[in-house]
*Asks:* 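One structure, as structure tokens, below. Some questions next.
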Number of protein chains: 2
Amino acid sequence: MINTCIRLQADMVQIKSCREKLKANSKSFLQLGQILSLAGNEVRLKILFLLEEETELCPCDLSDILGMSIPAVSQHLRKLKDGDIIEARKEGQTIFYSLRNQHLKILRPFFKIINQQNSATQTV
Amino acid sequence: MINTCIRLQADMVQIKSCREKLKANSKSFLQLGQILSLAGNEVRLKILFLLEEETELCPCDLSDILGMSIPAVSQHLRKLKDGDIIEARKEGQTIFYSLRNQHLKILRPFFKIINQQNSATQTV
DNA sequence: TTTGTATTTAAGTATTTGCTTAAATAAGTA
DNA sequence: TACTTATTTAAGCAAATACTTAAATACAAA
């Protein structure tokens, strides 16, 4: 980084205040950014939505529903699990994934938007 | 894609129902996914938060606040603008960016979470 | 113990992302 | 007009992403 703000009109008080706000919330930006980047993938967003709707699903089912390979699904599930967004329950050789409560506060509004937009297009 | 679900235990009614839900909401997944992928970048999340707090900011200010080069900031702003999340206002040679109303319904909860978590750590 | 099913992991690859530096626009000022 | 400032755009590149196929792991059943 070479450039910095040159212009005389710059409000240094405002800039300093903004820098402090960022610093005070740095942990939030990191954490929320990670969750949003996980949800910001169309496949993973679908997986999360399906888990909300169906309570739990296995990689095999998801592969079938999403029409994509099992390893591809498995790798998405791994990311979601690493991000503490979903959890696994083993039953025989089947592994059932479900949403964790921890981040539902952030995710629920998304599911709501998805369902609302659908009902909106239905009524129009 | 070669594999598909083999197991006999698969609930075909459930799978078919899920496929239909995805199809019915396909537009929502695409649109929401795009917004979340934009917000799911730490730099862009900070930019959005700052625009909410300060109403409007120019690339020069943002570069200074974020501690990164002007072209880097400009390219993030372009993505946000292409996604209809922010809009530009020209004043002389300065361009002020601000949040558009359209997607604030989705973004507002994020800002709320950021501010809440900060006040939470302050009190602890 | 061998076979089959469910899943993960690893390695390879094409695409996307996010920066860098340099050049191009655009608008004010001398 | 030339010069500065604010910003964008373009080209290049390293790293991350999301898939692929093949191999490994885990469990159940024959």
Side-chain angles (χ1 to χ4, degrees), chain A residues 1-11 15 29-30 33-47 56-83 86-98, chain B residues 1-11 15 29-30 33-47 56-83 86-98:
Chain A
M1 227 271 298
I2 298 165
N3 291 29
T4 186
C5 214
I6 322 172
R7 69 192 179 99
L8 299 171
Q9 300 94 314
D11 181 344
I15 286 173
F29 287 116
L30 186 65
Q34 280 174 345
I35 295 169
L36 294 183
S37 73
L38 286 171
N41 170 285
E42 212 181 320
V43 172
R44 286 193 295 267
L45 188 59
K46 285 176 181 172
I47 290 175
E56 60 178 15
L57 287 166
C58 65
C60 194
D61 284 336
L62 284 167
S63 156
D64 219 16
I65 295 165
L66 295 164
M68 56 193 298
S69 77
I70 297 203
V73 168
S74 179
Q75 283 157 22
H76 281 299
L77 289 170
R78 192 188 204 292
K79 291 193 174 186
L80 292 172
K81 199 174 159 221
D82 287 347
I86 63 173
E87 61 192 355
R89 176 179 74 85
K90 206 168 195 172
E91 189 179 309
Q93 30 181 357
T94 305
I95 296 174
F96 289 100
Y97 285 93
S98 56
Chain B
M1 222 269 298
I2 296 165
N3 292 29
T4 184
C5 215
I6 322 174
R7 69 190 177 98
L8 300 171
Q9 299 96 311
D11 181 343
I15 286 175
F29 287 115
L30 186 65
Q34 280 174 344
I35 294 168
L36 295 181
S37 73
L38 286 170
N41 171 283
E42 213 180 319
V43 173
R44 286 193 295 266
L45 188 58
K46 286 177 181 171
I47 290 175
E56 60 177 15
L57 287 166
C58 65
C60 193
D61 285 335
L62 285 167
S63 157
D64 219 16
I65 295 164
L66 295 164
M68 57 194 296
S69 76
I70 297 204
V73 168
S74 179
Q75 282 156 23
H76 281 300
L77 290 170
R78 191 188 204 291
K79 289 190 179 190
L80 291 171
K81 201 176 158 220
D82 287 347
I86 63 172
E87 60 190 357
R89 177 179 75 85
K90 205 166 194 172
E91 189 179 310
Q93 30 182 355
T94 305
I95 295 174
F96 289 101
Y97 285 93
S98 57

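Naming: A, B, ... by sequence-line order, numbering from 1 per chain.
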*Asks:* Think A:Lys90 has a side-chain N or O under 4.0 angstrom from the OP1 or OP2 of D:dA26?
*Replies:* no
*Asks:* Examine D:dT7: is either OP1 or OP2 under 4.0 Å from a nitrogen or oxygen in the side chain of B:Arg78? Give yes or no.
*Replies:*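 So the side chain of B:Arg78 is outside the cut-off, no N or O lying under 4.0 Å from OP1 or OP2 of D:dT7.
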*Asks:* Among D:dC27, C:dA27, D:dA18, which nucleotide has an atom closest to any side-chain atom of B:Gln93?
*Replies:*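 Looking only at heavy atoms from C-beta outward on B:Gln93, the closest nucleotide is C:dA27.
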*Asks:* Does A:Lys79 reach a base, just sugar-phosphate, or nothing at all? Heavy atoms under 4.0 Å.
*Replies:* sugar-phosphate
*Asks:* Name the closest nucleotide to the A:Pro59 side chain, picking from C:dG18, D:dC19, C:dT8.
*Replies:*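 The listed nucleotide nearest to A:Pro59's side chain is C:dT8.
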*Asks:* To the nearest Å, give me how far apart CD1 (A:Ile70) and P (C:dT8) are.
*Replies:*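 Computing the A:Ile70:CD1 to C:dT8:P distance gives 9 Å.
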*Asks:* Touch check for B:Thr94, heavy atoms < 4.0 angstrom, all strands: base, sugar-phosphate only, or nothing?
*Replies:*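 Sugar-phosphate: the residue B:Thr94, judged by heavy atoms under 4.0 Å, touches backbone atoms but no base.
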*Asks:* When you match A:Ala72 and B:Val73 each to their closest nucleotide on DNA chain D, which lands nearer the 5' end?
*Replies:*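 Upstream on the strand: B:Val73.
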*Asks:* Does A:Asn41 have a side-chain nitrogen or oxygen under 4.0 Å from the phosphate oxygens OP1 or OP2 of D:dT17?
*Replies:* no
*Asks:* Could you give the CD1-to-C1' distance, from A:Ile95 to C:dT8, as a whole number of Å?
*Replies:*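 After rounding, the gap between these two atoms is 8 Å.
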*Asks:* Just how far, in rounded Å, is P of C:dA26 from CD of B:Glu91?
*Replies:* 19 Å
*Asks:* Roughly how many Å is it from CD in B:Glu56 to P in D:dT7, rounded to a whole number?
*Replies:* 12 Å
*Asks:* Over how many whole Å does the gap from B:Leu77 atom CG to C:dG18 atom P extend?
*Replies:*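 After rounding, the gap between these two atoms is 13 Å.
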*Asks:* For A:Arg89, does the CZ atom have more than 12 heavy-atom neighbours from other residues, nucleotides or ligands under 6.0 Å away?
*Replies:* yes
*Asks:* If you pin A:His76 and A:Gly92 to their nearest nucleotides in DNA chain D, which one's is more 5'?
*Replies:*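 On the 5' side of the pair lies A:His76.
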*Asks:* What integer distance in Å separates B:Leu62:CG from D:dT7:C1'?
*Replies:*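 For the pair B:Leu62 CG and D:dT7 C1', the rounded distance is 13 Å.
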*Asks:* Rounded to whole angstrom units, what separation is found between the CE atom of A:Met68 and the P atom of D:dT17?
*Replies:* 16 Å
*Asks:* Examine the base of D:dT7 for any acceptor or donor lying under 3.5 Å from a partner atom in the side chain of B:Gln75, and report the outcome as yes or no.
*Replies:*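 Under the 3.5 Å cut-off, the side chain and the base do not form any donor-acceptor pair.
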*Asks:* Please pick, from D:dT8, D:dT21, C:dA27, the nucleotide with the shortest atom-to-atom distance to any side-chain atom of A:Ser69.
*Replies:*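 Selected nucleotide (nearest to the side chain): D:dT21.
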